[in-house]
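Atom set for the values below is all heavy atoms of this structure, side chains included, hydrogens, waters and symmetry mates excluded. Reminder, nothing fancy here: chain letters follow the sequence lines and each chain counts from 1. None of the values given here were measured: they were computed from a predicted structure.
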2 protein chains.
Amino acid sequence: MLTAKQRELLLFIRDHLHSSGVSPSFDEMREALDLKSKSGVHRLISALEERQFIRRLPNRARALEVLRLPDGASPAGSEVPASAAKPVPIAANDTIDIPLHGRIAAGTPIEALQGSENFTVPAALLGPGEHYALEVSGDSMVEEGILDGDFALIRKVDTARDGEIVVALIDEAEATLKTFRREGQMVRLDPANRSYEAQRYSPDRVRIQGRLAGLIRRY
Amino acid sequence: MLTAKQRELLLFIRDHLHSSGVSPSFDEMREALDLKSKSGVHRLISALEERQFIRRLPNRARALEVLRLPDGASPAGSEVPASAAKPVPIAANDTIDIPLHGRIAAGTPIEALQGSENFTVPAALLGPGEHYALEVSGDSMVEEGILDGDFALIRKVDTARDGEIVVALIDEAEATLKTFRREGQMVRLDPANRSYEAQRYSPDRVRIQGRLAGLIRRY
DNA sequence: GATACACGTTCTCCGTCTGTTCACGGGGGA
DNA sequence: TCCCCCGTGAACAGACGGAGAACGTGTATC
């Protein structure tokens, strides 16, 4: 599950947390692992986070939290290991991890934004098919109850019916979340905000990248 | 999770609370941390609040509440640590199962609706504390992006600050989701829909049953 | 109800600490 | 071979924290 270095770092964080009460800074970890650069630490931390051994607040100082320890680790003090203290109360395995492809804004096709981040959602929210998540940027869909900062769950499809909310890629360059409508030979993308105007394109300029399947908001 | 200063302040607040019964003022905290200005304290407090270690009422004197303690902190007195008194189950898993207490509509207090259904949500969506879910009924909060049929995730608390969206039980009979505001001696519950009017009640008629913590929508 | 006081909030300025990212490279396993 | 792990170095952005002052807000008091 972990490489030797990752394991060493994880145990160091655990010990540091236990003895001083605060998580170590990147420089302290660099020192402890006998490295000369922090960027190696950064990679190890990312790996530990990806493997769900630690949790952290991004861009925050000393904001690490150890979630669990590798198998066979000795406890920090004379106490029980952290893993035993958390008996893992909830099973409920009906969730799905989907990739979070960044913010949906102007500029880049969705495929380009292959973020490493993942997003866990209840399986009940999603239908069949492949999905991904986007963070909504801007207020063009407020009248549909889609606000800036919301997470849109998108089902990967390349067709849409009138009235459906889709991720549309215009001219292979700009992706937006809009209501899809056909208008004669043209495609119309309707915002849900009176301050914005509907846009019309010829079908060959518009590529559907998915259909809105769910929405998640944090307060 | 915390920097040294943040941890120091949190432990001071805990001790002060424990020995004198009230939370310290900003000046007392400034003194305790050996600072010459309160603004540093303010920033530390904000960081602690952001990390969900404390809760507070804005513009209220000495209105701090310790929600949990950093890992490895010794208890204040000879008693059990605050963390044990308040279970605050932050699951290490990715998801948490919370009860779905039916639709929020007129008629009945939330407790009465002990539905058997459960609702699985990503743990990242919820902070500490106990939560439950409600299905939103009606369009009184559309301008906040809360639509009929959405699922509101509610943190079980009995206090609210101005501007927060809460589940309020009126006269022990009718529960609604509204924005909470104080207005002089009265409590005002604001809808987010121009077609509805704000309602005013004396505080003893209103019981807060929770605070909006997240929102989930299915398309 | 006017006033005074205590307290919390916000701002600017500043220096330091810390995390992030990039580009470079080497080694080893599948 | 490609891919992953690991190391280095440097530059940068932003968080953190301290000082001081002005300003709001709540509460008590008269």
- [ ] Write down the distance between CZ (Phe26(B)) and P (dG26(D)), rounded to a whole number of angstrom.
- [x] 15 Å
- [ ] For the pair Arg217(B) (side chain) and Gly145(A) (backbone), establish whether a donor and an acceptor sit closer than 3.5 Å, ignoring hydrogens and angles.
- [x] yes
Task: Distance, rounded to the nearest Å, where Arg56(A) contributes CZ and dT18(C) contributes C1' - done: 11 Å
Task: Side chain to side chain, Met141(A) and Asp150(A), heavy atoms closer than 4.5 Å - done: no
Open item on the list: Any side-chain to backbone donor/acceptor pair from Glu8(B) onto Leu33(B)? Under 3.5 Å, distance only.
Closed with: no
Open item on the list: Any carboxylate oxygen within less than 4.0 angstrom of a Lys/Arg side-chain nitrogen, looking at Arg62(A) and Glu28(A)?
Closed with: yes
TODO: Answer with yes or no whether the side chains of Asn193(A) and Ser195(A) bring together a donor and an acceptor at under 3.5 Å.
DONE: yes
TODO: Starting at atom CG of Leu2(A), determine the distance to atom P of dC5(D), rounded to an integer number of angstrom.
DONE: 11 Å
- [ ] Provide, to the nearest angstrom, the distance between the CD atom belonging to Glu49(A) and the C1' atom belonging to dG19(C).
- [x] 13 Å
Open item on the list: So Glu31(A) and Phe12(A), do their side chains get closer than 4.5 Å, heavy atoms only?
Closed with: no
TODO: Please report, rounded to the nearest Å, how far the P atom of dC12(D) is from the CG atom of Asn59(A).
DONE: 18 Å
Task: Contact list for DNA chain C against residues 27-47 of chain A - heavy-atom distance below 4.0 Å - done: Lys38(A), Ser39(A), His42(A)
Task: Ser25(A), nearest nucleotide to its side chain (from dG19(C), dA15(D), dG17(D)) - done: dG19(C)
